[in-house]
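Everything quoted here is computed from the prediction, not taken from an experiment. Numbered from 1 within each chain, the chains take letters A, B, ... in sequence-line order.
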Number of protein chains: 2
Amino acid sequence: MSLSKRDELVQGALKAFYAGGFHAIGMDRLAKEAGVSKTAIYKHFRTKEELILATLRLRDEQFRNWLIRRVEALAENPRDQLLAIFDALGEWFLEDGFKGCMFIKASSEYLDREDPIHVTSAEHKRLLKTYFKGIAQKAGARDPEALAKQILVIKEGAIVLAHLLDPAEVADDAKGLARIAIEDALR
Amino acid sequence: MSLSKRDELVQGALKAFYAGGFHAIGMDRLAKEAGVSKTAIYKHFRTKEELILATLRLRDEQFRNWLIRRVEALAENPRDQLLAIFDALGEWFLEDGFKGCMFIKASSEYLDREDPIHVTSAEHKRLLKTYFKGIAQKAGARDPEALAKQILVIKEGAIVLAHLLDPAEVADDAKGLARIAIEDALR
DNA sequence: ATCAACATTTACCGATCAGTTAATGTTGAT
DNA sequence: ATCAACATTAACTGATCGGTAAATGTTGAT
C-alpha cells in the first residue's frame, strides 16, 4: 500500500513537472494536487531532488516502453522499424498536452553535467541510443552505432522543434531525414 | 549613457540566465551581480519577463551573427557552407561554459506556446531556418526549404545531445548526418 | 546657492520556496 | 480497553521570490 501511494505521488509529480517545469512547481503545490500534506511527501522522498529523480526514472521506463511497443506495432522488419520510430514520434507530437521531452527540460533546468538530474537525463538518451543500435544491427546497417547516433540526433531535434514550430510538419521532416540516413547506412 | 547601462544589464542577465536558468536566477541576484540595486533594474524593465525577452533578443542577434560570420570564414561556396555550419557548432560545443541553447532552455521553462518567451524562442528558430534556406538555394538544392528544415533538425538535436553526451562526438555525428542530407538534396 | 528633475538606494510588501517540528489521528496486537 | 507504532497533519522556520514605496543622492539650469 505504501508503495502504491508512493507511485501515485510520483505519477502526480510527473504530470505536474512535465506541464509546469521543475523549478516552477513547488512542493506545496505538489502536495495540494496529490491531496496529501507536504510532510507525507517528505516521508517518501528526502528532498525535492529525490522526487524529481524518481519521476525521471518513471518517465524513462514509460517512454521507452511506449516507444518500443509502438514501433513493434507499426512495423515488422527492422528497417521499417527504424522509420516507424518517427511515425510514433509524430503521433506523440500531436497528442494533447505535448510539451517536449521531460529529459531535455530537466537538463535545461539542471545544467551542470555532474548534477544527478542531468546525469539521469543523459542516461535516458544513452538507453535510447542502445535501443536504436539494436534495431540498426538487425537491419544490417554498415555501422549500427553510427546510424543509432544519427537517429538519436534526428529524434532530439524533432522533439525540440515540434514543441516550438508546427509538430506535424516537423514529424514529416524528421522522417524524411531519417529515411535518407537509413538508406545510406543500409546501402 | 542610460542606453549602454541598459545594455550592460542585459549582457549580465544573459550570462546569468544562460549559466543558471531563468527561474533559478532571481532579480536580487541579478542586481547584485550587476552591481546595481533591484530598483535600478526595474527602471529599465517593467517585469522580469521583459528583461528575459530583452536577453533573448540580444542572444538571437549574437548567435546568428556569430554563426553567419563563422560559416563565411570557414567556407566559400554554399555547399561547403552548409557543412561548415556543423564545424562552427562543433567549435561552440567545445567552448568553456557551453550549456546548450538559450532558446531551448527558455522554451523548456516557459512551456505554453502563447507565452511571449516561448514565441520569441520559436522566432529565433524560424530565422535560422530562413538563413539555412538562403544557403541551400545558392547551393542549388532541389527543395531548399526542405533541406533547411533538415539542417535545422540536425542542429537542434546536436545541441541538445552535445549538452548531455560527448560534445566532440556529437558534432562529428551531426556533420556526418548533414553531409548525407546535403548530398541527397543536391543530387 | 537654490531648487526642480532624475537616478539610485534601502527597506519593505505579501507570497512562496524547500524543509522541519510537534501534535494529532489511525491502526493492530495484546 | 490499552498502548505502542506508525501515518498524517497543521503550523512553523528562515530564505528567497517578483515587485514597490519612500527616502536619499546626484545633476543641471537658473
Could you note down all residue pairs passing salt bridge (charged side-chain N to carboxylate O under 4.0 Å, His left out) where residues 75-91 of chain B supplies at least one of them, sequence neighbours left out? B:Arg70-B:Glu91, B:Asp87-B:Lys175

Base-contact (B) and sugar-phosphate-only (S) positions in nucleotides 19-26 of chain C, heavy-atom cut-off under 4.0 Å, - elsewhere: BBB-----

Gap between atoms CZ and P, on A:Phe45 and D:dA7 respectively (whole Å): 14 Å

Between C1' on C:dA7 and CD1 on B:Ile41, what's the gap in Å once rounded to a whole number? 14 Å

With B:Glu49 via side-chain hydrogen bond (donor to acceptor under 3.5 Å, both in side chains) - residues at least two apart: none

Would you name the heavy atoms of A:Leu30 and A:Ala16 that are closest together and state the gap between them? CD1-CB, 3.6 Å

From A:Cys101 SG over to A:Ile159 CD1, what is the distance, rounded to the nearest 0.5 angstrom? 5.0 Å

Quick check for you: among C:dT9, D:dT8, C:dT8, whose closest atom lies nearest to any side-chain atom of A:Lys5? D:dT8

Can you tell me the distance, in whole Å, between the CG atom of B:Leu51 and the P atom of D:dG19? 10 Å

I need the NE2-P distance between A:His44 and D:dT9, as an integer number of Å. 10 Å

In whole angstrom, what separates B:Arg29's CZ from D:dA15's P? 17 Å

Step by step, would you call B:Lys125 with B:Ile104 a side chain to side chain contact (heavy atoms under 4.5 Å, CB included)? CA-CA 10 Å; B:Lys125 301 304 180 191; B:Ile104 293 176; 4.1 Å; yes

Rounded distance (Å) that lies between atom C1' of C:dT8 and atom CG of B:Leu9: 13 Å

Hydrophobic cluster (4.5 angstrom, side-chain heavy atoms) - remaining members for B:Ile180: A:Ile180

Rounded to whole Å, the CZ-C1' distance (A:Arg6 to D:dC6) equals 18 Å

Which pairs count as ring-ring contact (aromatic ring centres under 6.0 Å, His included) when at least one residue sits in residues 166-187 of chain A, sequence neighbours excluded? none

Encoded 5' to 3' (Watson-Crick or G-U under 3.5 Å; [ ] crossing; | other strand), DNA chain D becomes ||||||||||||||||||||||||||||||

Classify the ring geometry between A:Phe103 and A:His124 as parallel (under 30°), tilted (30 to 60°) or perpendicular (over 60°). parallel

Measure CZ/A:Phe22 against P/C:dA18 and give the value in whole Å, please. 13 Å

Which heavy-atom pair separates A:Ala24 from A:Gly20 by the least distance, and what is that distance? CB-O, 3.2 Å

